[in-house]
Structures are given as structure tokens and as C-alpha cells.
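Report on the following structure.
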Amino acid sequence: MNDTTLPDASKESDVWYETLRDGHRVLVRHIRPQDREAEREFIECLSNQAKHYRFLGGVLHPSENLLSQLTVLDRSREAALVAIEAGRGDGCMLGVARYSAGAGSLRCECAVTVADAWQHKGLGTVLMQRLIEVARANGMKTIYSMDLADNASMHDLVRGLGFDTRPDPDDASQVIHELRL
């Protein structure tokens, strides 16, 4: 699935080209502040179920504050990768994977979301593989995700990447997926 050798993952300018299981080529790169409107469109076009799984609740339209949080990052503790269809100049996001760590922490929480039409093609796996590489390159030691227990797609994705899964001790409706880097 991976076509390229990983460049220095900590550089914002890194770009990777990937071929998905169905033969589509995608470009994966770091998110930029100018992706704000593309991020808004991406979130608003997700199905209600995809929004529910990504935000663990009801985000129908992202607020200006949320869009800032998602596109203007503190590179010392956050990273976000976007996938767009290779060869298309419209910048339409197909998927996003991100992590965030508390100040001084080497443990980061991650999330991945793939547009409904691009699910089950391997895009989530590609995005998470690259995100894990970026997290390692940036010195993170553990990456984890808190997800709804009924999110079967996320269970399948993280299982294939070697994450361990356990119930969330604070919320029976959630699970915690964790990978030591």
C-alpha cells in the first residue's frame, strides 16, 4: 500500500503519495491553516454516523473555534494529516488523521475520519500508518484513541495496526485503543 520511503516525518512540508486497495492514488500531507474551509466542508459532508463516531456526539456544523483548533496546530504537541485525491487541484479532503498531546507529554490521543464514499478502501489505514510514523518521529511514546464501543470500523482498523483495546473505566459506552511506539 505504501509507495514511498518516509521522509523526515517531522517536517510540515512532507508529502506522501499512496495507492489504495481499489487503485485510487491519494496525496497525504500535513494540514495547514488555509485548509479551514476544506475542513468545514469535510465535516459538514460526513454522514451523521461518521460525525457521531468522530466527535462522540453531536457536531453538525463546526464552530469557528473548532475549525481553528483543527487547522492551526501547535507543532510541538500536535499533528494532523489530510488525504486528497492525487491529481485533483480542488483540495477536497477525503480523510483526516490527527494526534494531540498535553504540554510536555509523550502520550498522544489520536483520531481518524474518512469521508463516507472513501471508506473500506484502506484510506484510514494509510492515514493512521503515516500518523504513527509522524508521532514516532516527533518523540511520542504512546498513541491512543477513545472510541465508542460499537464503532466496528475503528476496532478493525486499530487491531490491524497492533493497538491493544480495553474498556474505558470511566465510560462503559467507550473503549480505549492504545499502541506503544
Side-chain angles (χ1 to χ4, degrees), residues 9-18 20 24 26-105 107-119 121 123-135 137-140 143-148 151 153-154 157-158 168 171 173-174 176-177:
S10 63
K11 291 196 286 191
E12 185 176 336
S13 61
D14 291 340
V15 173
W16 302 276
Y17 289 89
E18 305 282 354
L20 303 181
H24 276 95
V26 297
L27 178 148
V28 176
R29 63 164 172 78
H30 288 265
I31 202 162
R32 302 180 295 231
Q34 55 267 44
D35 290 323
R36 182 185 194 89
E37 287 309 310
E39 179 78 12
R40 178 191 316 274
E41 290 173 23
F42 174 72
I43 293 169
E44 288 180 348
C45 289
L46 292 172
S47 67
N48 288 336
Q49 182 180 40
K51 287 178 195 175
H52 181 70
Y53 283 148
R54 168 56 184 95
F55 296 104
L56 301 179
V59 171
L60 295 177
H61 303 285
S63 69
E64 294 305 312
N65 186 44
L66 178 59
L67 288 170
S68 292
Q69 290 174 7
L70 297 174
T71 58
V72 181
L73 306 181
D74 175 349
R75 301 283 180 200
S76 69
R77 57 181 195 81
E78 298 174 297
L81 303 176
V82 299
I84 59 174
E85 194 167 3
R88 288 190 55 169
D90 61 9
C92 180
M93 292 182 184
L94 311 176
V96 180
R98 62 182 64 248
Y99 77 75
S100 180
S105 179
R107 187 170 190 269
C108 59
E109 184 174 3
C110 67
V112 62
T113 307
V114 174
D116 295 86
W118 287 84
Q119 292 182 11
K121 298 176 185 229
L123 181 58
T125 300
V126 163
L127 284 166
M128 281 300 293
Q129 287 171 330
R130 290 296 180 188
L131 189 69
I132 288 166
E133 291 168 351
V134 169
N138 289 334
M140 294 293 134
I143 191 167
Y144 72 96
S145 178
M146 297 178 69
D147 296 286
L148 293 172
N151 187 342
S153 293
M154 190 63 173
L157 171 67
V158 298
D168 182 340
D171 187 338
S173 69
Q174 294 183 163
I176 300 170
H177 306 292

Heavy-atom side-chain proximity of [X] to [Y] below 4.5 angstrom:
X	Y	result
V134	H30	yes
E18	L123	no
L131	I143	yes
E41	C92	no
S100	E78	yes
L148	Y53	yes

Is R98 salt-bridged to E39, cutoff N-O under 4.0 Å?
-> yes

Can you tell me how far apart [atom1] ([X]) and [atom2] ([Y]) are? Round to the nearest 0.5 Å.
X	Y	atom1	atom2	answer
E133	D14	CD	CG	10.5 Å
S63	R40	OG	CZ	9.0 Å
D168	M146	CG	CE	4.0 Å

Paired with Y99, the side chain to side chain contact (heavy atoms under 4.5 Å, CB included) test is passed by just one of L81, V112, N138, namely N138

With D35, which residues qualify under side-chain hydrogen bond (donor to acceptor under 3.5 Å, both in side chains), at least two apart?
-> R29

Using the test side-chain hydrogen bond (donor to acceptor under 3.5 Å, both in side chains), find all partners of S47 that sit at least two apart in sequence or belong to another chain.
-> D116

State, to 0.1 Å, how close [X] and [Y] come at their nearest heavy-atom pair, and which atoms those are.
X	Y	result
F42	V96	CE2-CG2, 3.8 Å
L127	A83	CD2-CB, 4.0 Å
S105	M140	O-CE, 3.7 Å
K51	I43	CE-O, 2.9 Å
C110	S145	O-OG, 3.4 Å

For residues 66-73, which side-chain donor-acceptor pairs fall under 3.5 Å, sequence neighbours excluded?
{"from": "S68", "atom 1": "OG", "to": "R36", "atom 2": "NH1", "distance (Å)": "3.0"}
{"from": "S68", "atom 1": "OG", "to": "R36", "atom 2": "NH2", "distance (Å)": "3.4"}
{"from": "S68", "atom 1": "OG", "to": "E64", "atom 2": "O", "distance (Å)": "3.3"}
{"from": "T71", "atom 1": "OG1", "to": "L67", "atom 2": "O", "distance (Å)": "2.7"}

With distance as the sole test, does R77 use its side chain to make a donor-acceptor pair with the main-chain N or O of A103 at under 3.5 Å?
->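 Pair absent, no side-chain N/O of R77 close to backbone of A103.
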
Plane angle bin for H24 and W118 - parallel if under 30°, tilted between 30 and 60°, otherwise perpendicular = perpendicular

